[in-house]
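For reference, the structure discussed in these notes is given below.
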Amino acid sequence: MLNNDESVREPYADYSQWLNKEDPSRILRKSAQAEAFFRKTGITFNVYGAAEADERLIPFDVVPRVISAREWRKLSRGIEQRVRALNAFLYDIYHRQEIIRAGRIPAELIANNEAFLLAMVGVNPPGGIYTHIVGTDIVRTGPDEFFVLEDNARTPSGVSYMLENRETMLQMFPELFSRIPVQKVSNYPANLRRSLAACAPAQCTGKPVVAVLTPGIHNSAYFEHSFLADQMGAELVEGHDLHVVDGRIAMRTTQGDIPIDVLYRRVDDDYLDPLNFNPDSMLGVPAVMDVYRSGGITIANAPGTGIADDKALYSYMPDIIEFYTGEAALLSNVPTHRCSEPDQLAYVLDRLPELVVKEVHGSGGYGMLVGPAATKKEIEAFRKKLVARPSNYIAQPTLALSTVPIFTEKGLAPRHVDLRPFVLVSPNGIEITPGGLTRVAMEAGSLVVNSSQGGGTKDTWVLEE
Amino acid sequence: MLSKTAGGLFWMFRYLERCENNARLLDAGFRIALTRSATAKAEWKSVLSTSASVDDYLKHHKSFASASVIDFLLRDPGNPSSVISSAKQARDNARMVRTALTREVWEATNECWMTLKALLTKSVLEQDLPDVLSTIRQQSALVRGATHGTMMRNDGYHFARLGTFLERADNTARILDVKYYLLLPSIAQIGSSLDNVQWETILRSVSAQRAYRWLNGSNINPVNIAEFLILNDEMPRSLAFCYENMEGALAHIARQYKTEKPSHELARSIQSSLVDTDIDRIFEEGLHEYIERFLSENGRLAVQIQTDYRF
């Protein structure tokens, strides 16, 4: 929120002026109301492994994260370019693999990768779209300086928080929105529905039937699944509601079977189809892959998109973007050391206390080392793991993440944030909702923003031009 | 509508009704335990048989002491029909069918669960029991009110009604089944104070003592009570009333779907057996036999509805 000289950054000027005139006790009171509202509405997430029926709230902070129209223009151009490249890459990697033939990425990176799905080779997804929904994780490190942390091309979550956080802010501080011109995010569900419907398979006749596939009420993101189904006016289905009827996937209804055209699945590839993938899965739909391959249903995102956001491939993203778009990447990658390469491993081992080391296949902030925040003992324990399986890790410098204040009982306090804008892709084009999910590390100095590890969220404002 | 959604609504409202019925049974049992300690244990046993949980109870308890029966019925998570288990099941089903509920109904259900969970974290002291029971009734009334006030009158609403009335008919019939012997005419008992208390308990466990008095004055007599609870179609917990509503709900569904299923015929036949009879004929058949038959037909209807609508 502040420049290096402690002056207020330009996009925050109006907000800061408003805040200075507010009574802090009123804001604290509103903040408590917001929490009660979240609990009452059931905006919770389940924690795996925690005690029975433990539903937690994600901490919500009332100070918004503000992005200027100019910064947003730059960001959205960069994101659009990346998403276009991701889809072109996915098509190529599941067809002729030109990028490997051209020597731009090593063949073994794909061949030995669990995220590469043989079942998708040669498959043409309806509308040619692989990643219908993308959530690009971005951090800001300085004026006009952004880095992409991750591309989240599988089933990115968090969009319901983007929407509910805005709704909550509108209810708590309506006067702010008449004073400051903030771009709307509320069209997201309607856009999502339209975008999914535009990818209906050839066998769809009439108005496309869209359904959201959830693992069920015990899944950590169940609230989001039901929220999106509700907001889109789509059915919320579980695997056991679906079965194959006449070569289509149909849902069991009180009046018979109704075929589904577009399945927005919030179930991982592995669990999607017990006949084609993990046979123990109770969450999926037997034979859905066969129906998919024969053009009877659209699966969003397409199976196998995980190869595009795999951490082992991340460091090749600048090459991938250039290869498919013919342009240099507009958004920077974080410089990444591949521990699989011996000289890079040596470099990383020398500098563990200053680096962030991540597991190639990890997610949720688990299994990573944040060098500057780790104790000597933790670093030494991690060193052993790294030496034992170097190809399982990548390392990155610790970025000077920008901070946005949170409102505490003692007043404002700076905390590190990241940003996940949500991108919709259909044959009609790429749409990026102006805003996104701002995740915030609630502990001073911490860089871990994941909600599974106590991170919170903020409303994200993109100012009008 | 997804079959799962229809089933979820049906069960959500069954559990909600069960939660409230348990509170009412406890209220009646507690009253007896307070006023007539000599018969308290027998009374608690009959409360447990009404909620079909004597066997479960005896697995962990040896005697029918007030405190442990109250605890078992209110807050034992191992008792699938305890108040807390029913409230949790109602909410789990509500979460599952959340897209078919209005925001008001979902929030009322969620709040019902949160309130009861907080209320029942510790054993309830006897002196606090009346307040706790009244909170339970209030919370479930809020869900019912939100349902009545905000839900579209479509198939979903009618599946919810089917669940409510099926469970309620089952509950009223069970109360009669457990207490039927008190209602059999016997010269020796008439006018004795014991039975006045027992009969009042029956009425109290369906919240009907005032309605009954309004209808019959102070003349509490077993035949009238049986008639009131079985055949009076103005009494919202009577078998006749429940069936009138279930038939209505099924008729709505048939109109919307433009087709009838076997459950419709079955419901009609049970309903007409409640309309085309009178209390004398019921006593002639045998009150006990009549109730047993009703319970099994009611159960058969539940299964038929689930088969017809595939949940």
Side-chain angles (χ1 to χ4, degrees), chain A residues 35-46 51-55 57 160 164 167 171 189 209-243 245 250-258 260 264, chain B residues 1-10 12 77-78 84-85 87-89 91-115 117-118 142 154-156 158-159 162 250 252-254 256-261 263 305-311:
Chain A
E35 194 180 309
F37 169 79
F38 281 130
R39 204 171 278 289
K40 187 170 114 188
T41 329
I43 306 180
T44 56
F45 75 111
N46 306 342
E52 174 255 347
D54 198 359
E55 292 168 23
L57 292 183
S160 58
E164 287 287 0
E167 193 53 40
Q171 292 214 357
V209 175
V210 178
V212 179
L213 176 66
T214 174
I217 64 168
H218 299 296
N219 183 266
S220 68
Y222 178 77
F223 163 73
E224 176 155 306
H225 307 160
S226 70
F227 176 87
L228 287 174
D230 195 32
Q231 297 275 313
M232 285 197 287
E235 288 291 358
L236 179 65
V237 298
E238 292 173 45
H240 54 78
D241 296 321
L242 307 179
H243 57 157
V245 180
M251 52 186 176
R252 207 173 269 117
T253 81
T254 50
Q255 297 181 83
D257 294 317
I258 298 180
I260 292 174
Y264 175 21
Chain B
M1 155 170 284
L2 281 181
S3 298
K4 176 191 67 188
T5 308
L9 286 164
F10 179 83
M12 169 186 166
I84 199 70
S85 302
K88 179 170 183 345
Q89 296 268 31
R91 181 191 183 251
D92 278 355
N93 277 284
R95 276 192 89 198
M96 190 176 83
V97 301
R98 194 166 155 176
T99 54
L101 301 174
T102 57
R103 191 160 189 141
E104 285 86 346
V105 174
W106 158 251
E107 283 179 10
T109 312
N110 193 32
E111 229 172 303
C112 171
W113 155 244
M114 289 191 299
T115 308
K117 201 169 110 165
L142 286 173
N154 53 16
D155 44 354
H158 295 294
F159 282 113
L162 284 175
L250 284 166
H252 271 278
I253 294 169
Q256 186 180 334
Y257 292 174
K258 299 189 178 62
T259 175
E260 275 204 358
K261 299 276 186 176
S263 52
I305 290 172
Q306 299 186 40
T307 312
D308 289 350
Y309 296 103
R310 317 166 77 203
F311 54 89

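Throughout, protein chains are lettered first and strands after them, A, B, ... in sequence-line order, and every chain is numbered starting at 1.
Gln255(A) CD to Thr259(B) OG1: the interatomic distance, rounded to the nearest 0.5 Å, is 9.0 Å. The CD atom of Glu238(A) sits 6.5 Å away from the CE atom of Met96(B) when rounded to the nearest 0.5 Å. The distance from the OG1 atom of Thr99(B) to the NE2 atom of His225(A) is 13.5 Å, given to the nearest 0.5 Å.
Highest contact tally toward chain B, considering only Ala229(A), Gly216(A), Ala211(A), Gly256(A), is held by Gly256(A) [criterion: heavy-atom pairs under 4.5 Å]. When Asp241(A), Ile258(A), Leu236(A), Thr214(A) are compared by the number of non-hydrogen pairs under 4.5 Å with chain B, Asp241(A) comes out ahead.
Inter-residue side-chain proximity for His240(A) and Lys4(B) is flagged as met; some heavy-atom pair is nearer than 4.5 Å. For the pair Arg252(A) and Phe311(B), the minimum side-chain heavy-atom distance is 4.5 Å or more. Looking at heavy atoms from C-beta onward, Asp257(A) lies in side-chain contact with Arg310(B) at the 4.5 angstrom threshold.
Evaluation of the salt bridge (Lys or Arg N to Asp or Glu O under 4.0 Å) rule for Glu107(B) yields Lys40(A), Arg103(B) as partners, not counting sequence neighbours.
In terms of heavy-atom proximity, Asn110(B) sits nearest to Arg39(A) at ND2-O, 3.0 Å. When all heavy atoms are compared, the tightest approach of Thr254(A) to Tyr309(B) is O-CD2, 3.6 Å. Glu235(A) and Leu2(B) get closest at one heavy-atom pair: OE1-CG, 3.6 Å.
Under the 3.5 Å distance criterion, the side-chain polar atoms of Arg98(B) are left unmatched by any main-chain donor or acceptor of Ser226(A).
Contacts of Met114(B) with chain A are made by side-chain atoms alone, with heavy-atom separations under 4.5 Å and no backbone atom involved.
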